[in-house]
Amino acid sequence: MTSTEIRQQFLAFFQSKGHLIVPSAPLVAKNDPTLLFNNSGMAQFKDFFLGNGTPPSKRIADTQKCLRVSGKHNDLEDVGFDTYHHTMFEMLGNWSFGDYFKKEALAWSWELLTEVYKLPKERIYVSVFEGDAKDGVPFDQEAFDIWKAIVGEERIILGNKKDNFWEMGETGPCGPCSEIHIDLRNQDEVDRIPGKSLVNADHPQVVEIWNNVFMQFERMADGSLVSLPSKHVDTGMGFERLCMAIQGKQSNYDTDVFQGSIQHLAKKSGIAYGQDQWTDIAMRVIADHIRAIAFSISDGQLPSNAKAGYVIRRILRRAVRYGYTYLGFKEPFMHELIPLLAQQFSGVFDELISQEAFVAKVIYEEEVSFLRTLSTGLVRLDKLMEETQAQGTQILTGEDVFELNDTYGFPVDLTALIAREKGMDIDEPGFQQALNAQKNRSRKDAGASAEDWVNLFDSDEISFVGYDHTTWTTRVVKYQKVQNKAGIQYKIVLESTPFYAESGGQVGDSGFLYFKKSGKRIAISDTKKENDLIVHWTTDSSIEELAQEEEVVAQIDESRRNAITSHHSSTHLMQAALQQILGKHVAQKGSLVNEQLLRFDFSHFQKVTDEELKQIEDMVNAKIAANIPLVEERNVPISQAKDKGAMALFGEKYGDFVRVITFDPTYSVELCGGTHVKSTGEIALFKILSESSVATGVRRIEAVTSQKAFDLLNQQANQLEQINELLKAPKDIIKAVASLIEQNSSLQKTIAQYQANEIKLLKAELTQQILGKGELLYLIQQVAVPQADALKNLAFDLSNEHQNLFCLLVAEIDGKASLALAISKELVASKSLDAGKIIRDLAKEVQGGGGGQAFLATAGGQNPQGIPQVIKLAQQFI
Ligand code: ATP
Ligand code: MG
């Protein structure tokens, strides 16, 4: 059975059991402050388990792209070394939201594995939670009894809290789980050692394939457990491991999921897979990592220097180095795997094939930039390791690790990995110290010291009414006090709200909550989405008492919202213009819409020319002038929206129903949750501020609209008016400025000539005034020159032209005293003079300071009245 068929059968099986099949959420987690990447199938349904919102069906199944390289689940270290942990993998899952429970879930999993996939029953083991007296959670008798009837007691293993009890976080839903393990060893080995004893013992052929979680409790902030009124099922099965089992392989990499890439690498390197431990590891690492990188980029996360972007960069560099060291790839090679993957996943995760060229290009550029420093970095690392070992230690210092990171772009884990290959380790805390203030790369858990939510009443639906209203009377559902970097703040959830929560690039609304009974009001500074809740932020602690009141009027800052809305609608108009003018390859890569401006990042490989920018601006303004009415459709089935030609915005999580925003069906049709003008005429004016590069193949345009655009034009017109006045209103202002510039430069030239001549004359004159003879000549004079530089050059030239000359020239320039002292080299030597020292003493007379070398020094001073005294002192000195 091919992997494609295996996936299809899973979905078809659960569809036949009444499940709704939904698409995978993006790999990159949005709207969840606790996650960088989706790391399990349930992540996109978290809200339903928390009781926020209603799932589109009580039974759902899907295949979810997961990435386990950071945070709670981090398998990176094992990937490539073992044969069954990946960075990115597909998790097949089925869910029950308060519908079926253990009996159905377990029976179905058995049916699917043994009857549909025909896996051998005698090779399957299951685990059941044994209970934890200390924690007050009982043995899972229910699951035990169900399994006993299906597989018999001898195939059941009892598991402890670590393996068999799942918790969403420190607080929240939790419950026991039951894992399904399979023994894939050959019969000889099975006869020798019973499989049961190898379960959960890290044996590569006795692996967990499926985990069934039963959410039946909720963990409170004080650690206690309460029973959930409605119980849920959350299961996850590793797709690649399942393929290994069904295809009769002993490694995930031997299945058709990975063989395409592995064979490509074997051919390219001329090294067969299965020949050598290290070249095998390298091929596995590359075949695995390229998937994680490709799907992160196609889901909108570009490699970068911070947060999720840095995780991607690290994975990429790890793979590049394996190819470089073990497979001899000295030129970019990862990007070549993209067409293969795009084909393989077309029809499953189409986001890759639709952005194939872009993804390959981004990866290529990343490879080129890392390969540039990789070889020198590896030489440096070898040397550092040698030196370290010579000192009798096996641990690279934090400073060394930092240097490799800073100078050669070696991520810490890469350095650690290479060190480990040599039996060494790194001083990680030392590195952190060295890195210290540099960057805060880990997302700070926003609710780190949050208190429990204070619930005022239960509400099934939290609704957003802000598309139609700016003021709305409602109730406070709950609030929470949190302490973060900004101090103490409160999060407030309303039953229904006109406040738009930051998403899709549009910033959150600000405004006020009026409490009717007390007549008090509190300011809302921002509105954010947290999972699917709309959270209003305030610093006003009076919410603690006011929340009890029955009626609250929520009112957004309307003029701010209008400015934001105008920028958002203009973004749509501009995106359509970009596609028409630059081409269909233009896809959104990032967007920010606030009251100040709109910022739009998109894929495009060259600078957008001034001519193109003008065309874009003109097209948008023409659409504004055409006053195109908004067509807003809510709750459109996603397939129907796609038929209309809606461009999906990247990285957004879409339910089965979406909102479609259209400004002329032949011009701009987009899936969008943001707020928009009723017709484009409201925007009035659109003006581009700048065009720039953000990353490889990604350009950025910033623009302003409405009042901001008028302000900008007015300001420019104003400046022009002032220039016009200064120039005494010439007929043609541009010609006038151009001729002014020309005149100026020709005058400069003339002046320079005059000055040069004058200095020549002055020098001739001064030569006549040199006194003394033989061993000591001297010239001490006040002169008139326009710049201190001329004074210095004059003194220096004279001291060069005459042997044994002590030449002090003093001038008053722009109301200040300027001194230059040059002493001929012979005189410096014979009398051991130091012009720098002498001039410092002289400069005191003009309240100044200076210095220089023994043969040439200069000084300046505030007080030109001291000049005669300087001259007198110098003469005395001579
Ligand atoms: P393991 O102990 O093998 O790491 P787990 O307990 O971390 O697995 P779960 O979090 O229960 O796994 O995830 C559900 C299923 O997803 C597992 O049964 C397994 O089949 C699969 N899985 C988990 N982690 C990975 C991974 N890194 N690569 C591939 N499949 C995985
Ligand atoms: Mg794990």
Side-chain angles (χ1 to χ4, degrees), residues 3 6-7 10 24 27 35 37-46 61-95 105-106 109 112-113 117 119 124-129 143 157 159-169 174-184 198-215 233-246 249 251-255 257-258 284-285 287-292 295 311 315:
S3 55
I6 293 171
R7 188 190 293 108
F10 175 89
S24 171
L27 203 48
L35 270 187
F37 298 99
N38 273 320
N39 59 11
S40 66
M42 64 78 68
Q44 68 164 317
F45 306 120
K46 221 166 150 179
D62 71 7
T63 177
Q64 170 67 45
K65 291 173 280 187
C66 297
L67 191 60
R68 294 196 166 179
V69 290
S70 57
K72 174 176 160 193
H73 289 292
N74 189 346
D75 293 335
L76 186 62
E77 305 276 289
D78 289 327
V79 174
F81 287 83
D82 80 14
T83 49
Y84 61 106
H85 279 98
H86 302 296
T87 54
M88 186 207 117
F89 64 99
E90 284 179 65
M91 196 186 280
L92 303 169
N94 58 289
W95 288 271
L106 296 178
S109 62
L112 177 65
L113 292 179
Y117 293 137
L119 289 171
I124 297 176
Y125 298 90
V126 301
S127 70
V128 166
F129 180 50
I157 292 136
N160 60 16
K161 211 180 137 194
K162 187 182 136 279
D163 283 329
N164 284 73
F165 196 82
W166 181 89
E167 312 214 22
M168 189 182 281
C174 56
C177 56
S178 172
E179 302 163 347
I180 302 177
H181 298 256
I182 189 155
D183 182 355
L184 301 170
L198 295 175
V199 167
N200 273 336
D202 292 337
H203 191 292
Q205 275 101 43
V206 185
V207 295
E208 175 193 330
I209 52 171
W210 203 345
N211 196 358
N212 286 254
V213 179
F214 304 113
M215 289 183 211
V233 175
D234 155 33
T235 90
M237 172 153 62
F239 171 66
E240 298 77 10
R241 292 186 194 178
L242 178 67
C243 290
M244 153 168 79
I246 296 173
K249 308 292 185 191
S251 152
N252 287 3
Y253 296 93
D254 292 341
T255 65
V257 181
F258 292 98
R284 289 198 291 264
V285 164
D288 172 276
H289 289 13
I290 189 65
R291 295 168 16 122
F295 284 105
V311 175
I315 297 176

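Computed from a prediction, not measured in an experiment: that's the story for all the values here. One-based numbering, in listed order, for ligands and for the atoms of each.
The atoms of ligand 1 that sit less than 4.0 Å from any heavy atom of N211 are 11 (O).
Of the options W166, W210, F89, the smallest heavy-atom separation from atom 29 (C) of ligand 1 is shown by F89. Scanning R68, M88, K162, R241 for the heavy atom closest to atom 9 (P) of ligand 1 points to R68. When the options C66, G236, G238 are ranked by their closest heavy atom to atom 14 (C) of ligand 1, first place goes to G236.
For H203 and Y84, the distance between ring centers is not under 6.0 angstrom.
Of the N or O atoms in E208, one or more lie within a sub-3.5 Å distance of an N or O in ligand 1.
Contact annotation: for M91 versus ligand 1, heavy atoms closer than 4.0 Å belong to the side chain alone. With a heavy-atom cut-off of 4.0 Å, D75 touches ligand 1 through its side chain alone.
Within the 4.0 Å heavy-atom shell around ligand 1 one finds Y84.
Atom CG in L27 sits 7.0 Å away from atom CG in N38 (nearest 0.5 Å). For the atom pair CD1 of I6 and CG of L92, the computed distance is 9.5 Å after rounding to the nearest 0.5 Å.
Both cation-pi conditions hold for R7 and F239: the charged atom is under 6.0 angstrom from the six-membered ring centre and inside a 45 degree cone around its axis.
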When you look at V128 and N164, which way does the side-chain contact (heavy atoms from CB on, under 4.5 Å) test go after all the steps? CA-CA 7 Å; V128 166; N164 284 73; 5.6 Å; no
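Although no hydrogens or angles enter the test, the distance criterion places a donor-acceptor pair under 3.5 Å between the side chain of R291 and the main chain of M88.
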